[in-house]
Amino acid sequence: MLDIKLIQNEFDSVCEKLRKKKVSEDIIENLRLISLELKAKKAILEPLQAEQNASSKLFGLWAKEGKDINELKAKLSANKEKITVANKLVKELEEKLSNLALSVPNLPDNDVPNGADENDNIEIKKVLTPPVFDFIPKEHWEIAENQIDFERGVKLSKSRFSVLKNKAAKLERALINYMLDFNTKRGFNEVCVPYIVNRETLTGTGQLPKFEDDLFKIEGEDLFLIPTAEVPVTNLFRDEIILEAELPIMMTSYTACFRKEAGSAGRDTRGMIRQHQFDKVELVCITKPSESDKMFDKMIECASDLLSSLGLAHRHLMLCGGDLGFGAAKTVDLEVWFPGQNRYREISSISNTRDFQARRAKIRYKDQKKNKLVNTLNGSSLAVGRTMIAIMENYQKADGSFDVPEVLKSYM
RNA sequence: AGAGAGGUGUCCGAGUGGCUUAAGGAGCACGCUUGGAAAGCGUGUGUGGGGCAACUCACCGAGGGUUCGAAUCCCUUCCUCUCUGCCA
């Protein structure tokens with residue numbers, strides 16, 4: 001959620017920034033007008049309430065002293081009706097404002113490049129060089145015929161589900177453990193969280209109210225399957241005030257993730273790239289605003305070094321405004337090399353949401369006397385399924401088998 | 001799932017209709033004290049709004065209601081604890 005005061009006071013600059021994210025100025029103007037109207041209506045309501053409070057106190061005193069209170073009572077009853085009317089208006093405006101405010105995306109940072117979509121993202125650097133094969137490298141579903149069972153995944157559930165067997169099942173588990181250990185050594189504390197969360201939690205991180213169609217909902221309950229560990233882990237601190245000394249809070253968490261992929265019909269239908277259920281090891285950090293840039297770099301470094309330790313060639317991309325997610329002020333994607341596809345594919349996405357989620361989720365820290373909003377950051381380190389198929393493709397041999405990276409051998 | 005008890009500020013905790021616009025304690029901040037620390041003493045300190053200075057409004061799990069006036073009474077709902085049942 002954006003700071004309403006910022007919209008009131010720096011309207012033009014907010015609009016200009018949101019233009020990068022393709023948000024119409026009308027929405028912001030609407031938000032501004034409602035917020036001002038609310039302020040005006042409150043200015044009517046509050047003196048009425050003050051009058052009611054003061055006179056009611058008097059009422060008590062007079063009653064005790066045995067004075068005549070009939071006239072006062074009539075006056076207060078009349079005032080009460082005015083309050084009811086004014087209060088209704090305020091409540092309606094507040095709801096309108098909150099609904100609108102919750103569906104406006106975060107402001108991009110100033111250094112986020114302009115651009116329409118993923119084609120305008122900027123490559124920051126490449127790490128390691130892709131392997132060279134003396135045969136035509138296969139795609140992962142050709143390599144893993146006996147290890148990833150797509151047909152039976154569909155039988156059990158539906159399309160975009162799969163079953164891991166044998167070496168793949170073991171590799172998946174090895175990767176989860178390796179990633180958690182790697183992140184822990186970098187100072188991130190492991191947490192294990194629920195996969196089913198409530199509406200408030202998903203509102204806190206920004207998935208609701210706008211993106212309900214992307215989520216699997218539990219029938220008959222107001223509960224949803226998590227689309228990423230970012231949701232429960234960030235919300236661990238929802239409605240809390242953190243002592244300054246406890247910051248930064250650095251966490252890592254393995255969870256399964258569940259996504260409807262509502263807008264991805266026909267994309268990546270083959271193979272394991274885009275599934276309704278996938279494993280991911282996530283990093284989540286809560287910092288003071290002044291330290292979030294440093295933490296952002298640290299998280300990128302962690303995920304990138306993790307890929308390097310697995311011997312996987314990858315590149316860093318700075319997302320342009322048009323490709324930036326709803327809650328992100330800035331995002332760096334890591335893309336890993338897939339020899340079978342002969343291209344880089346996303347394997348990690350690290351975002352700084354600044355105080356956008358903190359404002360929604362009311363995550364604050366005590367700064368001397370005042371409470372201030374924290375900054376929240378999240379990033380994959382890494383998407384496990386995609387890492388597994390990247391290993392299959394990058395470590396494949398001419399006979400159709402594949403090796404595993406040296407660092408994983410003790411985990412297998 | 002059934003029965004009972006309960007949800008109050010960063011934390012603990014008092015408070016069953018009007019000097020509670022929430023007692024007291026812990027913690028935290030500042031100051032005094034000290035060679036330094038601890039202890040002790042003093043002061044400040046709930047959250048979120050209002051051009052936030054005085055002042056003022058809302059908030060005692062959430063939502064509604066009764067009343068001139070609600071943390072306090074009523075209804076709905078969520079959650080926690082204890083016991084019973086079920087289960088890994």
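In the text below, chain A, chain B and the rest are named by the order of the sequence lines, each starting its count at 1.
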Strictly below 4.0 Å: does [X] bring a side-chain N or O up to OP1 or OP2 of [N]?
X       : N       : answer
K366(A) : rU47(B) : yes
R364(A) : rU10(B) : no
N371(A) : rU47(B) : yes
N53(A)  : rA58(B) : yes
K5(A)   : rG50(B) : yes
K80(A)  : rG69(B) : yes

Criterion side-chain contact (heavy atoms from CB on, under 4.5 Å) against T331(A), the qualifying member of L324(A), T353(A), D109(A), V112(A): L324(A)
Check if the side chain of E46(A) and the base of rG49(B) share a donor-acceptor pair of N or O atoms closer than 3.5 Å. yes
Among rG64(B), rU10(B), rC68(B), which nucleotide sits nearest the side chain of I241(A)? rU10(B)
Nearest-Å distance once atom [atom1] is located in both [N] and [M]:
N       : M       : atom1 : value
rA23(B) : rU10(B) : P     : 14 Å
rA26(B) : rC78(B) : P     : 39 Å
rC73(B) : rU47(B) : C1'   : 26 Å
rU66(B) : rC87(B) : P     : 47 Å
rA88(B) : rG7(B)  : C1'   : 30 Å

With a 3.5 Å limit on both atom pairs, tell me what [N] is paired to, counting Watson-Crick and G-U wobble, or say none.
N       : result
rC68(B) : rG18(B)
rC28(B) : rG44(B)
rC83(B) : rG2(B)

Using heavy-atom distances to pick each residue's nearest nucleotide on RNA chain B, tell me which of L61(A) and E51(A) is more 5'. L61(A)
RNA chain B nearest-nucleotide lookup for F59(A) and Q8(A): closer to the 5′ end is Q8(A)
Checking N79(A) against Q52(A): is there a side-chain donor and acceptor pair closer than 3.5 Å? yes
Hydrogens and angles aside, do D355(A) and N375(A) bring a side-chain donor and acceptor to less than 3.5 Å of each other? no
For residues 256-277 of chain A, which residue pairs pass the ring pair (Phe, Tyr, Trp, His ring centres under 6.0 Å) check, not counting sequence neighbours? F161(A)-H276(A), F216(A)-H276(A)
Does the pair R386(A) and E335(A) meet the rule for a salt bridge (charged side-chain N to carboxylate O under 4.0 Å, His left out), with working shown? CA-CA 10 Å; R386(A) 288 188 184 180; E335(A) 293 190 339; over 6 Å; no
